[in-house]
Amino acid sequence: MNTEILTCEKEISVKNSCFDLARTLDCGQAFRWVQTGENEWHGVAFGRPLTLVQEGDEINFKGTNAEDFENIWKPYFDLDRDYGALCERFSADPHLKKAVEECSGIRLLRQEPWEAICSFIISANNNIPRIKGIIDRLCRLLGEHLGGDDYSFPSPEKVAEAGTEGIAPIRAGFRAKYIVDAAQKVANGEIDFEKIYAASLDEGRDELIKIKGVGEKVAQCALLYGFGKVDAFPVDVWVKRIMAEMYPDGLPECTNGVRGIAQQYLFHWRRTQ
């Protein structure tokens, strides 16, 4: 399904039947989007606030411009990928067919790598409301005030400078030392984003697990949601159940190269059943 884009001053409309805001923004892949109305969401990414309103298969991007849409929001919402064709491909498998039919409209979010790393460190052994609370407090504490109630995600340099004592107000518990270690290693170049972008999945994972507290699952999440490596495959308790119940011999061939996107549909479908 091709995306139709209509632009005017301060607003851009996207028409795409394979795009559901609620399912995309509240399926566990990002933590800074808040539902502000029946079909309205507001959030901040890449230091830019955005309000989104869905009417049928049309989504209005409010408070942005053509340049930011092209450079930030189009990649962020993966709008160049044909999810209609992808879901048709997944439908070769009976379980995935149900998942894409019952959870249609999920798109993979291409987030800022540092935010993805930090967010999924915070997510370890945690629940979504608490994850959102910690991240919100971190942004208010160290992020740039963007006006209104909006704050940017703080840079790794800011977090590294604050240290574990400085971020105590976010109440991250044992994760604080891992957040600071990640910030220090990104800030000093020990974790090189360009190297990870160019690396294979295994090489990218090996780079990320240099960070204290980052294991296989957090590394795979960062690769999938922060570096756009759509074949990355995070495994949490829900995905373990899916694999045991439906795919004891591994995912079907129709997911090859895009296992991370297939995982997102299966995860949300299984979790909401």
Side-chain angles (χ1 to χ4, degrees), residues 1-8 11-30 33 35 38-41 43 45 50-62 64 66 68-111 116 201 220-221 223-234 238-239 242 246-247 250-273:
M1 172 61 66
N2 293 327
T3 300
E4 184 181 350
I5 299 168
L6 303 170
T7 65
C8 63
E11 187 171 316
I12 292 169
S13 293
V14 166
K15 195 167 187 179
N16 190 313
S17 61
C18 295
F19 192 174
D20 183 284
L21 273 185
R23 286 176 179 151
T24 296
L25 299 177
D26 202 29
C27 67
Q29 58 175 322
W33 292 94
Q35 189 166 6
E38 186 178 352
N39 299 301
E40 180 178 287
W41 292 75
L50 183 70
T51 297
L52 297 156
V53 181
Q54 182 152 21
E55 298 173 8
D57 62 359
E58 188 169 311
I59 294 173
N60 296 319
F61 288 63
K62 295 179 178 289
T64 189
D68 279 354
F69 176 80
E70 195 67 30
N71 295 328
I72 296 172
W73 302 118
K74 197 173 177 183
Y76 184 86
F77 288 104
D78 207 15
L79 290 175
D80 283 331
R81 193 183 306 277
D82 188 341
Y83 276 73
L86 199 58
C87 289
E88 188 175 339
R89 170 180 156 185
F90 289 159
S91 294
D93 174 77
H95 300 304
L96 267 166
K97 182 177 171 64
K98 285 184 181 178
V100 298
E101 286 174 352
E102 295 180 28
C103 297
S104 63
I106 292 175
R107 305 186 76 86
L108 205 71
L109 300 177
R110 179 73 173 272
Q111 300 170 60
L201 275 178
Q220 292 289 340
C221 285
L223 292 168
L224 179 60
Y225 305 119
F227 292 91
K229 293 186 180 292
V230 295
D231 203 35
F233 191 66
W238 289 103
V239 177
I242 289 164
M246 304 174 195
Y247 304 109
L251 286 174
E253 190 176 337
C254 65
T255 68
N256 287 355
V258 285
R259 294 181 307 155
I261 299 177
Q263 174 267 160
Q264 198 64 41
Y265 278 97
L266 289 165
F267 167 80
H268 192 60
W269 174 61
R270 179 67 176 80
R271 192 180 62 158
T272 53
Q273 294 307 300

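On a predicted model such as this, the values are computed, not experimentally measured, just so you know.
Side chain of Thr24 to main chain of Leu21: no donor-acceptor pair is present (N/O by atom type, distance under 3.5 Å, no hydrogens or angles). For Arg23 (side chain) and Ser104 (main-chain N/O), a donor-acceptor pair under 3.5 Å exists by modelled atom type. No donor-acceptor pair closer than 3.5 Å links the side chain of Arg110 to the backbone N or O of Asp78. Listed for the Gln54 side chain is no donor-acceptor partner under 3.5 Å among the backbone atoms of Trp41. Counting only distance, with no hydrogens or angles, the side chain of Glu101 and the backbone of Leu96 share no donor-acceptor pair below 3.5 Å. In terms of modelled atom types and a separation under 3.5 Å, the side chain of Thr64 and the main chain of Phe61 share no donor-acceptor contact. Looking at Arg81, its side chain never comes within 3.5 Å of a backbone N or O of Leu86 through a donor-acceptor pair. Using a distance-only test at 3.5 Å, with no hydrogens or angles considered, a donor-acceptor pair links the side chain of Ser91 to the main chain of Cys87. Looking at Gln35, its side chain never comes within 3.5 Å of a backbone N or O of Ala22 through a donor-acceptor pair. Not a single donor-acceptor pair under 3.5 Å links the side chain of Gln111 to the backbone N or O of Ala116.
A salt bridge links Asp231 with Arg259: at least one charged nitrogen is closer than 4.0 Å to a carboxylate oxygen. Using a 4.0 Å cut-off between charged nitrogen and carboxylate oxygen, Lys74 and Glu70 count as a salt-bridge pair.
Here the CG atom belonging to Leu109 is positioned 3.5 Å from the CD atom belonging to Gln29, to the nearest 0.5 angstrom. Taken from CD1 in Ile261 to CZ in Phe233, the straight-line distance is 13.0 Å, to the nearest 0.5 Å. Here the straight-line distance linking atom CD of Glu40 with atom CG of Leu52 works out to 9.0 Å at 0.5 Å rounding. Between Leu50 atom CG and Lys62 atom NZ the span is 10.5 Å, to the nearest 0.5 Å. The distance from the CG atom of Asp57 to the SG atom of Cys18 is 9.5 Å, given to the nearest 0.5 Å.
More than 12 heavy atoms of other residues, nucleotides or ligands shown are found within 6.0 angstrom of CD on Gln273.
Residues Asn16 and Arg107 form a side-chain contact, since some pair of their non-hydrogen atoms from C-beta on lies under 4.5 Å apart. Counting only heavy atoms from C-beta outward, the side chains of Val100 and Ile106 never approach each other to under 4.5 Å. The shortest distance between side-chain heavy atoms of Leu201 and Leu223 falls below 4.5 Å.
Residue Cys103 comes nearest to Thr272 through the heavy atom pair SG-OG1, 4.3 Å, listed as atom of the first residue, atom of the second, then distance. Here the closest heavy-atom approach between residue Ile72 and residue Pro75 is recorded as O-CD, 3.3 Å. When all heavy atoms of Phe267 and Cys27 are compared, the closest pair comes out as CE2-O, 3.3 Å. When all heavy atoms of Gly260 and Leu108 are compared, the pair lying nearest together is O-CD1, 4.4 Å. Considering every non-hydrogen atom in both Val230 and Gly257, the closest pair reads CG2-O, 3.4 Å.
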Would Leu224 and Gln263 satisfy side chain to side chain contact (heavy atoms under 4.5 Å, CB included), going step by step from the backbone distance to the final call? CA-CA 10 Å; Leu224 179 60; Gln263 174 267 160; 3.7 Å; yes
Run the side chain to side chain contact (heavy atoms under 4.5 Å, CB included) check on Ile59 and Phe77 step by step: do they pass? CA-CA 12 Å; Ile59 294 173; Phe77 288 104; over 6 Å; no
Take Val14 and Asn60 through the side chain to side chain contact (heavy atoms under 4.5 Å, CB included) test and state the conclusion after the steps. CA-CA 6 Å; Val14 166; Asn60 296 319; over 6 Å; no
For Leu79 and Phe19: C-alpha separation, side-chain torsions, deciding distance, then whether side chain to side chain contact (heavy atoms under 4.5 Å, CB included) applies. CA-CA 9 Å; Leu79 290 175; Phe19 192 174; 4.0 Å; yes
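Screening residues 87-96 for salt bridge (Lys or Arg N to Asp or Glu O under 4.0 Å), with sequence neighbours left out, gives no hits.
Taking the six-membered ring where tryptophan is involved, the planes of Trp269 and His95 are tilted, since the angle between them lies from 30° to 60°. Using a 30° and 60° split on the angle between ring planes, Tyr76 and Trp33 fall in the tilted class, from 30° to 60°.
Remark: the Gln264 side chain and the Tyr225 side chain contain an N/O donor-acceptor pair separated by less than 3.5 Å.
A ring-centre distance under 6.0 Å is not found for Tyr265 and Tyr83.
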